[in-house]
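Take a look at the structure below.
All figures in this text were calculated on a predicted structure; none of them were measured in a lab. Numbers here are sequence positions counted from 1.
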Amino acid sequence: QQQQQQQQRQYQQTVVGKQQPASNSKQPATSSAISSSGQTGRIIGASTGSTTSSSTNAPVGGMKTPAVRPFKAPPNTPEHIEKTWGDLKAAIQSIQRLDSSRLSFEELYRSAYNLVHFNFGAKLYAGVSDLITEHMQTLAARVEEGMQTDFLLHLGKVWDEHVTVMCRLHDILLYMDAVFVKQRVGLERVYEIGVSRFRDEVIRRERINVHLRQVLLQLIQSERQGDVINRQELKNATNMLVSVGVTSRAVYEEDFEKSYLSDSEDYYIQESQRLLKTCTVPEYLVRCEQRLEEEADRVLQCLDPSSRAKIIRIVEREMIEAHLDELIGMEASGLRNMIELEKHDDLARLLSLCNRVKLGSARLYKAMQTHLETTGKQLLSEEGEAQDARNSIKNVQMVLDLYQKYQRILHSAFKDKLEAKRVVANGFAAIVNSNKDFTEDLSLFVDDKLRRGNKEISEDALEKVLQDAISLFCVLEDKDVFERYFRQHLSKRLLLGRSAVENGETLVVTRLFMECGHTFTSKVEGMHKDIKLSRELHETFSAQAKETMNFELNVRVLTSGCWPMKSSAKCSIPPELTSACEMYEKYYHKTFTGRKLSWECSLGSGDVAYWFGDAGRKHIFAVSTHQMFVLLAFNTVLDSTGELNLTQLRERTGIEDGALKLALQTLACGKVRVLAKTPASRDIGADDVFRVNESFTFKMMRVKIPQIVAKETPQERQETCAKVDEDRKLLVEACIVRTMKARKSMHHSQLVAEV
């Protein structure tokens, strides 16, 4: 026993050498002595009759080392090979009949292994291929039998059974696939043989192929018409077509998808024509969205994903792209109707569908811009050429209403897309620049809103209106013309105290600064600074002169380069105001040295008190500076008549003829007639005589005398345009100099493009 235990321990430490089998088999022996059947051989103990070991393996104590006997190789005679193949063939046929419950897959695997191992792999491969091909005839017959009943269900059952059979054959013939097939180019594996034979012998049999295609297309057509179908059967059939293609979708594409896409194209051509005759554009767009969603869902649930882009493209082409111009231009319910009625949801749907087709959004935007320009130009042309300030403001308000409508459309329907914003901006640019008077009209509109303030609308609404007006200014080409008119109106608001909303003035200046920069707004900012400084000077001067003057003098000191006033003829200041003016000049020169003051009386205002008749009825008249000079001139009348003619008034006041006639017309020919005129006519003549109307009565003590604002004459308009052109010329010259200093040398065409 001790010797046996020692022998076993020594054996465990000994490396067993390789043993060559007695036969000429090429099967390799492993360290575990695995036989060809895959079972581990038994270890045989040593005996006196065993084969002697080599001297290197001689045991200690004289005992011999036990040897491992090789497995007995299976016979490879032709008879044995035929028997093995016969058994394997019978087993494969049983598997094809789904009768494999009594088969030993281990034995079948060993048989296939031996055939391949003993170089009979070609015989095995050919025999298996023939069996699969023969079995396809049986399957094809079964499929044809089921064509009269539930065809897809029957075909799916046959396919599932065939897949099960091929999976079992794959397991049995795994060694053939791994060794024999792999070493030979162009051979298919067992499973691939089964799939390709099913494709060629069953699916592509003419009768079955045509019927399968018709059934699939009929199911899809029925679902498009609203019927409920078995989507799982459709999905199984299309999956089968993809699977039989092995490594490609060629079968699916050739046997089904090609016809599917062709029928779909015909269907949607007819569908689009039918809907256009029976539906409005919004209804048509809803149907398009539904069809797109249905097709995408059908592909997801029933077809191969590769068909999604193709069928979606067909729907987009036949239902949207082919009829896009007709949808946009339809009179009763097209783009024009959607914009006018502000159908934001329909516009958003139209844009979404247009984005699906090539150049669709571009065609939509072009039509929208054309409609916008036509509508805007029609608004501005309705009033004709002759327009007063009221019509000008009305026209700007109509354009602003149109602008606000499109802003709502941009925000709600188009989600503030940059391309849509650009189209709307270009449209309004074409509108406002097509009317030569719109620049001045816009300035009048801003002036009106800043003078009226929030009497009619809230402060927030006023700011919104001003922001929209500045947005229209941003697309103006003649911004410098607007700036000149804006400064003229601003000067009157500031000097006459007509600005009702200070926040509005600041908002406008800020937006102009953001759009055009500091150079554009420097003069406007200088005007506001002058008014602010004048208020501070007035407070200090009033505190010093309140004891020496019996009236209040409020002077606005203006920087000549900022204010858009042309210097008028110097007026003769009445004696009642001379001392006060001289006192202010001394105060100003004392405060600021090196500055020169010149009195401008065209835009001033004042209050004049007068006592009428023997009873001394007192009235206070709110008048302009020119009107005040005219009234004060009657204080120095020496004759008993108290009359002055036009020439005498001109000499005493120093006012030029045009301004003097306007002042006299408001005092003697208006509703409030402070002066009496001879003869009593509405026009001022050179021989007219004026006197104080002693019989004047008014229910209020304070009377505001209206002023006649002279309209801009064509000559003045030409002068304004000439000044603008002169300023532009200086800017262009400066730009040319700056460009040439940087480039040194340029062609004329390049310089023009650069400037």
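Side-chain contact of Arg199 with Ser196: a donor-acceptor pair under 3.5 Å is absent, judged by distance alone. Under 3.5 Å, the side chains of Glu318 and Ser272 contain no donor-acceptor pair of N or O atoms.
Applying the 6.0 Å contact sphere to NZ of Lys366 captures no more than 12 heavy atoms from other residues, nucleotides or ligands. For Lys310, the NZ atom counts as densely surrounded, since its 6.0 Å shell holds more than 12 non-hydrogen atoms of other residues, nucleotides or ligands. Other residues, nucleotides and ligands contribute only 12 or fewer heavy atoms inside 6.0 Å of the CD atom of Gln148. The number of heavy-atom neighbours closer than 6.0 Å to NZ of Lys417, taken from other residues, nucleotides and ligands shown, is 12 or below. Crowding of Glu206 atom CD: a count of heavy atoms from other residues, nucleotides or ligands under 6.0 Å not exceeding 12. Around the CZ atom of Arg336, the shell of radius 6.0 Å holds no more than 12 heavy atoms that belong to other residues, nucleotides or ligands. Other residues, nucleotides and ligands place more than 12 heavy atoms under 6.0 Å from the CG atom of Leu341.
A parallel orientation is assigned to the rings of His117 and Tyr113, their planes being inclined by less than 30° (bins at 30° and 60°). Note: Tyr125 and Phe180 have tilted aromatic rings, judged against thresholds of 30 and 60 degrees for the angle between ring planes.
Asn236 places a side-chain N or O within donor-acceptor distance of the main-chain N or O of Gln232, the cut-off being under 3.5 Å. Judged by distance alone, with hydrogens and angles left aside, the side-chain atoms of Ser307 form no donor-acceptor pair with the main-chain N or O of Val299 at under 3.5 Å. Listed for the Arg291 side chain is no donor-acceptor partner under 3.5 Å among the backbone atoms of Val315. In terms of modelled atom types and a separation under 3.5 Å, the side chain of Ser333 and the main chain of Val281 share a donor-acceptor contact.
Under the rule for a salt bridge (Lys or Arg N to Asp or Glu O under 4.0 Å), Arg511 has no partner lying at least two apart in sequence or in another chain.
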Evaluate Gln397 against Asp401 for side chain to side chain donor-acceptor pair (under 3.5 Å), listing each step before the verdict. CA-CA 6 Å; Gln397 185 62 56; Asp401 293 340; 2.9 Å; yes

Worked verdict on Asp468 versus Gln404 for side chain to side chain donor-acceptor pair (under 3.5 Å): CA-CA 8 Å; Asp468 292 341; Gln404 292 168 356; 3.0 Å; yes

Take Arg205 and Asn209, measure what side chain to side chain donor-acceptor pair (under 3.5 Å) needs, and give me the verdict at the end. CA-CA 6 Å; Arg205 179 169 290 192; Asn209 189 270; over 6 Å; no

Carefully, step by step, assess Arg110 and Tyr175 under the rule side chain to side chain donor-acceptor pair (under 3.5 Å). CA-CA 9 Å; Arg110 186 185 303 116; Tyr175 188 77; over 6 Å; no

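Aromatic ring centres of Phe198 and His162: separated by under 6.0 Å.
Note: Arg207 CZ to Leu212 CG = 13.5 Å, rounded to the nearest 0.5 Å. Atom NZ of Lys182 is separated from atom CZ of Arg189 by 8.0 Å, given to the nearest 0.5 angstrom.
Cation-pi check for Lys479 over Phe473 is met; the charged atom lies under 6.0 angstrom from the ring centroid and within 45 degrees of its normal.
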